[in-house]
Number of protein chains: 2
Amino acid sequence: MFLSLFPMASWLKSYNRIQFGQDATAALIVTMLLIPQSLAYALVAGVPPEVGLYSSILPLIVYAIFGTSSSLSVGPVAVASLMTASSLANIAEQGSASYLTGAITLALLSGLLLIAMGFMKLGKITNFLSHPVISGFISASGIIIAVSQLKHIFGIKAHGDNLATQIISMSENILDLHMPTLIMGLSVLAFLLLAKRYAKAFFLLLTFPEKYAAPLAKTAPIIGVFASILVVYFFDLGSHGVAITGAIPAGLPHFSLSIPSLSLIQELMLPALMISIIGYVESISVGKTLGAKRGEKVKPNQELIGLGAANLASGVSGGFPVTGGFSRSVVNFDAGAVTQMAGVMTAFGILIASLFLTPVLFFLPKATLAATIIVAVSGLIDFSILKKTWCFSRNDFYAAFSTIAITLLLGVEIGVASGVILSIMLHLSQSSEPHIAEVGLIEGTEHFRNIQRHDVKTLLHLLSLRLDESMFFANSAFLEETILNMIQNRAEIEHIIIQCNSISEIDFSALEMLESLNRQLLDKGIKLSLSEVKGPVMDQLKASDFMTHLSGKVYLSHYQAFEALS
Amino acid sequence: MFLSLFPMASWLKSYNRIQFGQDATAALIVTMLLIPQSLAYALVAGVPPEVGLYSSILPLIVYAIFGTSSSLSVGPVAVASLMTASSLANIAEQGSASYLTGAITLALLSGLLLIAMGFMKLGKITNFLSHPVISGFISASGIIIAVSQLKHIFGIKAHGDNLATQIISMSENILDLHMPTLIMGLSVLAFLLLAKRYAKAFFLLLTFPEKYAAPLAKTAPIIGVFASILVVYFFDLGSHGVAITGAIPAGLPHFSLSIPSLSLIQELMLPALMISIIGYVESISVGKTLGAKRGEKVKPNQELIGLGAANLASGVSGGFPVTGGFSRSVVNFDAGAVTQMAGVMTAFGILIASLFLTPVLFFLPKATLAATIIVAVSGLIDFSILKKTWCFSRNDFYAAFSTIAITLLLGVEIGVASGVILSIMLHLSQSSEPHIAEVGLIEGTEHFRNIQRHDVKTLLHLLSLRLDESMFFANSAFLEETILNMIQNRAEIEHIIIQCNSISEIDFSALEMLESLNRQLLDKGIKLSLSEVKGPVMDQLKASDFMTHLSGKVYLSHYQAFEALS
């Protein structure tokens, strides 16, 4: 029981040299991908670049201890970084010390919330999120992130805490565009787009084995980073107005645990919860997808603890919220990572980078990072969900569309919250009008079928109904009304039998409805009977007063009821 | 179509003298009940007493035009008044002009929201509220209201915007208690409690007809009001420290429509929405209950418009949020109101009261109003829901209990919101693990039954499953996992058939799950087939790519599938 908290224990005891070699190769490739990503997502989150690196060291080690996926690569990711920036927009100015405190507090709170959810076994929380909502939300977030980076490509200033104000602010300043920055930005963009398309073929041409060509192809950003550093350095572009990263303090993250103020905690609690849930959803779905390819079980509740511990680790080492990233984990998997040790080794890679690479990163142009981000998030933007759901299920379409529209117009928190609420309400509203059929006997058998579709025997004084869903608060009013409507103008009815074989739950609201229905029918001289009630439902009914009030009887089979009341 | 907006048109054209007589009698009795209630709920809402009277004039007339219930009596009610006070607690000081502006704004916003909901046909919104949550919320609100009035009975000061701080503040000041006030308060309380118990018998003894004895018994509060006014007047208790109502401006409400500021609207939008929904739920359930006794149809969407118009009318005539009240409507019904004209006549009664009665109400002690409120809300407090749900359905118990606890501890808005969210989440979480049974053939028939309960024929290479619920986002992950678990250690399985006769909906999340399941099964060499797919579901599947990917086939009946794959 206690050991299950440390999945590391199980893979570490059989760890061998072959695994080490495989993990080390994967770690090398992921490190090359993670350096530019860490810097880039720090830019998205609005924190200093070294914070991106710090967020990619300790969290990886801690996830390796507590996480259950062998290939998940934890660190800063696009959507969580955007949500971090958006949560802090009204709290502090980007670049200020209190902004950084806010980011760290978000990581700490996310960590605590995720761990608490893990101990409360809330791994199933993803059940409340429909795919179209998540998909729409991620696409819309991708657009917001991409647009927010355009200013770095153009070398202009732009403000605004939502998409519309940012676009307006950019178009106001577009005439200030800085040509060297734009050329730099577009060149890197072009390089990355070409690399996305042809790099794998290129590595295959260089006779790299198939297995490594694909992961290596994903490391194009680091080439872009170093190439543009060299260009900036040799042509002294920094003093010609190209915005560069500037001084990054070299060294290790400082460990500190300053308790944030209560008012800050109150303000950030809800954003932290949303970052946690969205981060967890992204992470668990990557973990499960990769796990399925390898027959590996990813345990939802333990993943909550693993991710929570990683975020806590990020917070105490000066980092911002982290989660398992999609592109990075796929690279890790494809490059052959076989255990969480790959993550530990990646952490060492980033550690070395933050010790020795920072003088070089001084010259890194922001336009390069912006281009890296734009290419990375372009993969997130996919509106095909609208087309697919339009044909398949209109409710899902509405949920996806409104999530996209609200996220773009009103921001990420309200976008995802409204999407989740809408999808749940649409579902409840759909199940609030369940199918209820009048059934009759197929003569010569004991079977009952819908009278509208089959030639069946019915009796004038007996209304025989079949209900195809559980009864609960969302549909009980509808059921009562429907049944009462059915008996209007049919004064000859003396008995109603409800066939309950599809009813697996009756909640208290439905019980009260049944009581009221039973009473109203009795007032009209009609007796209510039930048939084929499932065991657990019968136990429930017996625990209430309903059985003493029921005007009719409960029959084992619908046929028995039909015979008895004939 | 247009006329259906004015239900008045249909009852007014056949209105006759007999109906007039019945409505007038009911209106007289309801007026006597409504005068003290209006003053009392103004006290609960924290607005001046005349505002309570204003809220009981125009709204009643407007409801008579647009409403569909012949017996619903609209006006200030306990819970909506409490919610008004609670929404305004952080916005302005009670008694200030901006507090009153806030209350009027709440009425206007509620009105607009309800009308908008009516036109959007959202009458079904009550489906999202489970009975235990509503019941728990109303009980908790009753306690909060009763406690908030104790200070008037004791004649002490007490502050605090939640139950705990109020109780603490009261116990700090309990030594200041004012004996004459306490005696006055307890006497009225005793009188009202006795009246509640014996007044009907008393009126019967006076040979009033049975029909009027019960409604008349409910008018005890007005006797309490006038008796205590006389006592205060003759013993000059006002100058002996008994808190009295004081000067109430006589006359008609002033019509005014000052557009509230945008920031006030933003702040009050959510509270107004909650007041609207809770008010509507109370109103529609009273309307439906009374309607059912008379075979009268209350139309939910038109009721939204009727209540909305009544709130708008309250707002423009200087009133606060109103809704159909339970006790008042029952009195109206019992006293024989047959059409909405009773409401119009009640409005005239209150109009006359506010023109001529205000000099007398000067002497009305606050302790009397407090006693009236306490007795009125004591009927709301009913914790039997906890006992009933404990035995019947644990989820409903948790929902009711947490609604009560959170309402008492953290306030009404957060209490009802968390209750609604919890009940929906518990329901989704329950339906997220639907029953999925492995079935086998009953030999000699074409029927399939659960292999764990029946002696049935199964085939080693064929896994035959029956799913008892629709597939949607909340259960798709569970279903995928369950089916993949079922085939573990059963390498001989070549086919899986899912019997889909209970599936009435497949949403997009479930479709993606089926695609993924189909792919994973194919990787293991297992073909997936479906049987007995309902027509609408089949149409949906055909609109997607799924049918081209499905590794097996779709069979009309499970038996055909079983035979074909044998």
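What you see is a predicted model; the values in this text were computed from it and never measured. Order of the sequence lines sets the chain letters (A, B, ...), proteins ahead of strands, with each chain counted from 1. Below, all heavy atoms of this structure are taken into account, side chains as well, without hydrogens, waters or symmetry copies.
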note = Bottom line for B/Thr289: the part with an atom under 4.5 Å from chain A's heavy atoms is neither
query = chain B heavy atoms under 4.5 Å from A/Ile421: which part of the residue, side chain, backbone, both or neither?
reply = neither
Part of A/Ile385 within contact of chain B (heavy atom distance under 4.5 Å) = side chain
message = For a quick check under 3.5 Å, do A/Asp382 and A/Ser384 share a side-chain donor-acceptor pair by atom type?
response = yes
message = Which atoms of B/Lys524 are under 4.5 Å from chain A, going by heavy atoms: the side chain, the backbone, both sets, or neither?
response = neither
ask   = Does a donor on one side chain sit under 3.5 Å from an acceptor on the other, for B/His131 and A/Glu512?
value = yes
message = Whether the B/Asn475 and B/Glu469 side chains hold a donor-acceptor pair (N or O, under 3.5 Å, no angle test) is what I'd like checked.
response = no
Part of B/Asn127 lying under 4.5 Å from any heavy atom of chain A = both
task = Under 4.5 Å heavy-atom distance to chain A, tell me which part of B/Met425 shows up: side chain, backbone, both or neither.
result = both
key: Part of B/Ala474 within contact of chain A (heavy atom distance under 4.5 Å)   = both
task = Could you tell me how the ring of B/Phe472 sits relative to the ring of A/His427: parallel (under 30°), tilted (30 to 60°) or perpendicular (over 60°)?
result = parallel
task = Counting only heavy atoms closer than 4.5 Å, note whether B/Thr126 contacts chain A via side chain, backbone, both or neither.
result = neither
query = Which atoms of B/Lys288 come close to chain A, meaning under 4.5 Å heavy atom to heavy atom: side chain ones, backbone ones, both, or neither?
reply = side chain
task = Against chain A, label B/Lys124 side chain, backbone, both or neither, depending on which of its atoms sit under 4.5 Å from a heavy atom there.
result = side chain
task = With a 4.5 angstrom heavy-atom cut-off, could you sort out which part of B/Ser130 is near chain A: side chain, backbone, both or neither?
result = both
task = Please look at B/Lys534 and chain A and tell me whether the side chain, the backbone, both or neither of the residue comes under 4.5 angstrom of a heavy atom of that chain.
result = side chain
Donor-acceptor contact present, side-chain B/Ser470 to main-chain B/Glu505, <3.5 Å = yes
message = Donor-acceptor check, side chain of A/Ser544 to backbone of A/Leu541, threshold 3.5 angstrom: yes or no?
response = yes
message = If I measure from the heavy atoms of chain B, does A/Gln520 come under 4.5 Å with its side chain, its backbone, both, or neither?
response = side chain
ask   = Which bit of B/Leu484 is near chain A, if near means a heavy-atom gap under 4.5 Å: side chain, backbone, both or neither?
value = neither
ask   = Where does B/Glu480 contact chain A at under 4.5 Å (heavy atoms): side chain, backbone, both or neither?
value = neither
